[in-house]
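Structure record follows, encoded as structure tokens.
As the structure is a prediction and not an experimental result, all values here were calculated from the model.
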Protein chains: 2
Amino acid sequence: MKSYGQYCALARGLDVIGDRWTLLIVRELLVGPRRYSELREGLPGIATNLLAERLRDLEEHGVVARDAEGTYQLTEWGQELSAPVHALARWAAPLMATPQGDDTFRSTWLALPVAVIFNGIDKRRPRLTIEIRSNDAAVTIESRNGAVWVEPGPATSPDLVITGPPDGIVGLLMGALSETSAAEQGVTIGGDLHRLARLRGG
Amino acid sequence: MKSYGQYCALARGLDVIGDRWTLLIVRELLVGPRRYSELREGLPGIATNLLAERLRDLEEHGVVARDAEGTYQLTEWGQELSAPVHALARWAAPLMATPQGDDTFRSTWLALPVAVIFNGIDKRRPRLTIEIRSNDAAVTIESRNGAVWVEPGPATSPDLVITGPPDGIVGLLMGALSETSAAEQGVTIGGDLHRLARLRGG
DNA sequence: CTGCATCCGGGCCGATACTG
DNA sequence: CAGTATCGGCCCGGATGCAG
């Protein structure tokens, strides 16, 4: 991208991550190291040449590093993008109220709202395992030692299983939807939903 | 901009503020309401049609509102962009270490690093008035009641006057430069610099 | 099959000219 | 002062090719 040519931290930051698709690539890598094909899978709609070019730019700028096997991961500095990414997601949370419509969805994207909703460590949070079954592959929300995070794949013995469309699931996680209104959106819950509310400190 | 078409808060947020120049327009409006010509002045390099189009988009999305006299200002939701903007500026702070070079600078841009460095309210901070004289118009850094912010224009009776190039001034504000190394960059200080350090809690 | 590079049509960006 | 109109060029998006 052409530089803004401004001696300003925001402008210089945008010179690095302001390109189209760039921050979404960072979102994918914040979940963990990813192969090229996994990145494509998590970024529906991106052109393959764009993904390659962005990764090259991010590597040059010191945000992304690739190891010998061709796996991409964030550098230490790149990891620190979690703060602005979470802040932007939090700001944009009201936009999630309008339904999914034709928008695509990948269940690994739940890592972002989960990180925003259950951020930090709270020792009072109970241990809990939730399996999420939505459009594509199942993912697991784990609560251990006060921290909450998302892992790809189903759970071995979940305390709670939530099945349904993405907007209903996100509404439930945020606490914006009641169990009955979520059910109207097609969400099925296996287990006691109050255990989820307790993760938010409810 | 074309929507990413993803049911993800980050993607939907970028659909609103991900366009080129958009977040820099928000930076200008975070300082306070601005006229069209003032925005142009604070965004060197932007094309006038782009500025008009971005303002229209931001207004449609409910980020910006314009009053009867044609003054633009952020809505309540738009104001909340201060969090992601500050987070991005904080992340990009290391990029400010490379010198200004040919980059343009406006002294009102100091409002952003000042907000990042002296964020929040700290009652132990002393009352202080600093006048900054850099490339263009003078600005004033005010510390009152534990809060620190930037006002356009010179101060009436400053406790401290700092004159010099932008990179030297920003380095001094962050505490990354000593008084002597700042002086080597052409920074002149009128008054006792230790009073500035005390604002940071030093 | 993975991990890109190349090519091309269309849309967005950048600069200038112009208008109420 | 506050934009609109216009136009060349670059970037984006989608399809395809191809080397390891």
Gap between atoms CD and P, on E53(A) and dC4(C) respectively (whole Å): 13 Å
Could you tell me whether G70(A) contacts a base, only the sugar-phosphate backbone, or nothing, with contacts defined as non-hydrogen atoms closer than 4.0 Å? nothing
Report yes if a donor N or O on one partner sits less than 3.5 Å from an acceptor N or O on the other, where the partners are the side chain of T48(A) and the base of dA5(C); otherwise report no. yes
Nearest-Å distance for atom pair CD/P, residues E38(B) and dA2(D): 8 Å
Is the shortest side-chain N/O distance from K2(B) to OP1 or OP2 of dG14(D) below 4.0 Å? yes
With a 4.5 Å heavy-atom cut-off, do R20(B) and M1(A) have their side chains touching? yes
Rounded to the nearest 0.5 Å, what separation is found between the CG atom of L43(A) and the OH atom of Y4(B)? 9.5 Å
Phosphate oxygens OP1/OP2 of dT4(D): is one of them under 4.0 Å from a side-chain N or O of R56(B)? yes
Could you tell me whether a side-chain N or O of T129(A) sits under 3.5 Å from a main-chain N or O of D159(A), the two making a donor and an acceptor? no
Roughly, in whole Å, what's the span from CG in D67(A) to P in dG3(C)? 11 Å
Can you see if the side chain of R66(B) gets near the phosphate of dG3(D) - specifically, an N or O under 4.0 Å from OP1 or OP2? yes
Student check: side-chain heavy atoms of P99(A) and Q185(A) closer than 4.5 Å: no
Between dA5(C) atom P and L50(A) atom CG, what is the distance in whole Å? 12 Å
OP1 or OP2 of dC4(C) under 4.0 Å from side-chain N/O of Y72(A): yes
Nearest heavy-atom approach of A87(B) to A87(A) is CB-CB, 4.4 Å
Nearest heavy-atom contact between L30(A) and L74(A) is CD2-CD1, 3.5 Å
In whole angstrom, what separates L39(A)'s CG from dT2(C)'s P? 13 Å
Atom pair distance, as rounded to whole Å: OH in Y36(A) and P in dC1(C): 17 Å
Is a side-chain N or O of R144(B) found less than 3.5 angstrom from the main chain of W149(B), in a donor-acceptor match? no
In this structure, how many angstroms lie between the P atom of dC11(D) and the CD1 atom of I46(A), rounded? 16 Å
Distance-only donor-acceptor test, N49(A) side-chain atoms vs dG14(D) base atoms, 3.5 Å: yes
Can you pull out the residues from residues 10-34 of chain A that lie within a 4.0 Å heavy-atom distance of DNA chain D? D19(A), R20(A), W21(A)
From CG of L55(B) across to C1' of dC1(D) the rounded distance in Å is 15 Å
Describe the nucleic acid contact of A52(A) in one word from base, sugar-phosphate, nothing, applying a heavy-atom distance below 4.0 Å. sugar-phosphate
Scan S37(B) against the nucleic acid and name what it touches under 4.0 Å (heavy atoms): base, sugar-phosphate only, or nothing. sugar-phosphate
Kindly assign one of parallel, tilted or perpendicular to the pair Y36(A) and Y72(A), based on the angle between their ring planes and the thresholds 30° and 60°. tilted
Respond yes when some side-chain nitrogen or oxygen of R40(B) is under 4.0 Å from OP1 or OP2 of dA2(D), and no when none is. no
